[in-house]
Amino acid sequence: MNVTYEHKSAMTFIGFSTAIRPEEGYVKCPAFWDTEYSRKYMRLWQTMKPETDIEKAILENRIGMFAICDEKDDSFEYWIAGLYEGGDVPEGLKLYTFPESDWAMFSAKGALPKSLQDLNTQVWQEWYPNEGQKYKGSGNAMLEVYSAGNMQSPDYECGIWVPICRYEERDEQETAEIVSEMTITGIL
């Protein structure tokens, strides 16, 4: 699994979303893309001439180059999004901001949705229980990142970015003081 770590400034995205239950994600996320493609993109990609404020926002903000998975109590809000370039937010679209953060950035090659779904499984079943234990999440959301090109090509590139922060290391003296205080107060 290919992972890099990078610090990024705050990023604001613009897009539209739907609620999905976690166990349905691998089916409902691609279905959401298919539905929204036929509603918002198909005519636009043929003409490249926006006729609505949403179509204009899609082109100006490259909505579709990212997806956001924002974890909720019993579901996640799944966004089709683009980096917000400023200006009006048309009705039907909304903004999402990731604060300044460090990121674990994973990449994969292959046709969608399989390559991204396989990467997602690797991130949470391989990286997180091992290397990921050195970090804690920075918020409840992550990004899916898409490149331009043929999404069915075996060479298509995509990625998953997870905002993280490193657990602070404690020296032996600090750890002894915490244990001592917990013992005195009866916690231990």
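Residues: numbered from 1 along the sequence shown.
Counting only residues at least two apart or in different chains, salt bridge (charged side-chain N to carboxylate O under 4.0 Å, His left out) contacts with residues 60-71 comprise Lys56-Glu60, Asp70-Lys72. Applying the ring-ring contact (aromatic ring centres under 6.0 Å, His included) test to residues at least two apart or on different chains, the pairs with a partner in residues 138-160 are Trp33-Tyr146. Residue pairs meeting the salt bridge (charged side-chain N to carboxylate O under 4.0 Å, His left out) criterion with at least one partner in residues 12-21, sequence neighbours excluded, are Arg21-Glu23. Sorted by first and then second residue, the pairs that involve residues 103-122 and meet salt bridge (charged side-chain N to carboxylate O under 4.0 Å, His left out), not counting sequence neighbours, are Lys109-Glu157, Lys114-Asp118.
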Starting from the C-alpha separation in whole Å, work towards a yes-or-no answer on side-chain contact (heavy atoms from CB on, under 4.5 Å) for Asp88 and Asp53. CA-CA 9 Å; Asp88 291 336; Asp53 290 340; over 6 Å; no
Audit row: Met48, Leu59, side-chain contact (heavy atoms from CB on, under 4.5 Å) steps and yes/no: CA-CA 8 Å; Met48 296 307 284; Leu59 288 178; 3.6 Å; yes
How far apart are the C-alpha atoms of Glu144 and Cys69, what are their side-chain angles, what is the distance that settles it, and do they pass the side-chain contact (heavy atoms from CB on, under 4.5 Å) test? CA-CA 8 Å; Glu144 295 174 358; Cys69 299; 3.8 Å; yes
Residues Leu112, Cys158; criterion side-chain contact (heavy atoms from CB on, under 4.5 Å); working and verdict: CA-CA 9 Å; Leu112 289 182; Cys158 60; 4.0 Å; yes
Trace of the salt bridge (Lys or Arg N to Asp or Glu O under 4.0 Å) decision for Glu6 with Lys8: CA-CA 6 Å; Glu6 192 173 310; Lys8 294 195 172 286; 2.8 Å; yes
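Residues passing the ring pair (Phe, Tyr, Trp, His ring centres under 6.0 Å) test with Tyr26, sequence neighbours excluded: none. Every side chain to side chain donor-acceptor pair (under 3.5 Å) that Ser17 has, sequence neighbours left out, goes to Glu77, Lys94. For Glu55, the side chain to side chain donor-acceptor pair (under 3.5 Å) partners two or more places apart in sequence, or in a different chain, are Arg43. Annotation: side chain to side chain contact (heavy atoms under 4.5 Å, CB included) contacts of Pro99 (sequence neighbours excluded): none. Shown here are the side chain to side chain donor-acceptor pair (under 3.5 Å) partners of Arg39, two or more places apart in sequence or in another chain: Glu36. Qualifying side chain to side chain donor-acceptor pair (under 3.5 Å) partners for Tyr5, counting only residues two or more places apart in sequence or in other chains: Trp127. Every residue meeting the side chain to side chain contact (heavy atoms under 4.5 Å, CB included) condition with Ser107, not counting sequence neighbours, appears here in chain and number order: Asn2.
For Ser153 (side chain) and Asn150 (main-chain N/O), no donor-acceptor pair under 3.5 Å exists by modelled atom type. In this structure, Thr97 contributes its side chain and Thr12 its backbone to no donor-acceptor pair below 3.5 Å.
Rounding to the nearest 0.5 Å places CD1 of Ile164 at 14.0 Å from CE of Met142. A distance of 5.0 Å separates CD1 of Ile14 from CG of Asn61, quoted to the nearest 0.5 Å. Distance check: Ile80 CD1 to Cys29 SG gives 9.0 Å after rounding to the nearest 0.5 Å. Rounded to the nearest 0.5 Å, atoms CG (Asn130) and CD (Glu126) are 8.0 Å apart. A distance of 12.0 Å separates OG1 in Thr52 from CD in Glu91, rounded to the nearest 0.5 Å.
Counting non-hydrogen atoms of other residues, nucleotides and ligands closer than 6.0 Å to CD of Gln152 gives a total above 12. The neighbour count for Tyr135 OH, taken as heavy atoms of other residues, nucleotides or ligands under 6.0 Å away, is above 12.
Other members of the hydrophobic cluster containing Phe98, listed by chain and number, are Met11, Phe13, Met65, Phe66, Ile68, Trp79, Leu83, Tyr96, Trp103, Met105, Leu143, Val145, Trp161; membership follows side-chain contacts under 4.5 Å among ILVMFWY residues, whether direct or relayed.
Note: Phe76 and Tyr78 have perpendicular aromatic rings, judged against thresholds of 30 and 60 degrees for the angle between ring planes.
By the 4.5 Å heavy-atom criterion applied to side chains, Ile63 and Tyr84 are not counted as neighbours. Looking at Ile20 and Ser75, their side chains never come closer than 4.5 Å, going by heavy atoms from C-beta outward. Between Val162 and Trp124 the shortest side-chain heavy-atom distance falls below 4.5 Å.
Smallest separation of non-hydrogen atoms from Gly25 and Pro30: O-CD, 3.7 Å. The two residues Leu119 and Ala108 have their closest heavy-atom pair at CD2-CB, 3.9 Å.
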